[in-house]
Amino acid sequence: IDQRYQGQGYGRAAMAALIAHSKAQPGWQALEISYDVANPVMARLCTNAGFQPTGQVFDGEIEARLTSL
């Protein structure tokens, strides 16, 4: 989301739409995402959406997973 539009709920709405679309797919089991270690706003957005860090960090990005369980 462009900096001018951050803090207005667009990221949260986009994340919710992505999750809803993914869960509607046959055989859906998990979504994986990564975000910059230095981005606490994205970390909070992902955690609030149900993503859990996997413990893996790649190129300075934390991997997180949302599962169907």
Side-chain angles (χ1 to χ4, degrees):
I1 307 297
D2 186 273
Q3 187 175 8
R4 296 173 293 169
Y5 302 104
Q6 291 181 6
Q8 297 181 28
Y10 295 120
R12 185 174 24 257
M15 180 77 74
L18 171 68
I19 291 169
H21 176 76
S22 297
K23 285 183 173 184
Q25 303 306 305
W28 179 83
Q29 293 183 7
L31 282 176
E32 291 183 353
I33 195 168
S34 65
Y35 53 87
D36 192 304
V37 171
N39 190 341
V41 174
M42 186 62 175
R44 187 171 52 250
L45 176 67
C46 292
T47 300
N48 288 345
F51 285 88
Q52 297 296 315
T54 65
Q56 299 292 320
V57 178
F58 300 100
D59 295 323
E61 295 209 349
I62 296 171
E63 179 185 71
R65 182 177 296 129
L66 176 70
T67 62
S68 60
L69 300 175

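In this chain, residues are counted from 1 in sequence order.
- Y35 and V57 fall within the same hydrophobic cluster, defined by Ile, Leu, Val, Met, Phe, Trp and Tyr side-chain heavy atoms under 4.5 Å apart, directly or through other members.
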M42 and L45: CA distance, side-chain angles, deciding distance, side-chain contact (heavy atoms from CB on, under 4.5 Å) verdict:
CA-CA 5 Å; M42 186 62 175; L45 176 67; 3.8 Å; yes
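- To the nearest 0.5 Å, atom CZ of residue F51 and atom OG1 of residue T67 are 10.0 Å apart.
- Atom-to-atom distance recorded for R4:CZ and Q6:CD is 11.0 Å, nearest 0.5 angstrom.
- Rounding to the nearest 0.5 Å places OG1 of T54 at 3.5 Å from CD of E63.
- At a threshold of 4.5 Å between non-hydrogen side-chain atoms, the residues D2 and Y10 do not count as touching.
- Applying the 6.0 Å contact sphere to CG of N48 captures more than 12 heavy atoms from other residues, nucleotides or ligands.
- Using a 4.5 Å heavy-atom cutoff, the side chains of S34 and F58 are not in contact.
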M15/I33 under side-chain contact (heavy atoms from CB on, under 4.5 Å): CA gap, chis, key distance, verdict:
CA-CA 11 Å; M15 180 77 74; I33 195 168; 4.0 Å; yes
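- Separation of atoms CG (L66) and CD (E32) is listed at 10.5 Å; rounding is to 0.5 Å.
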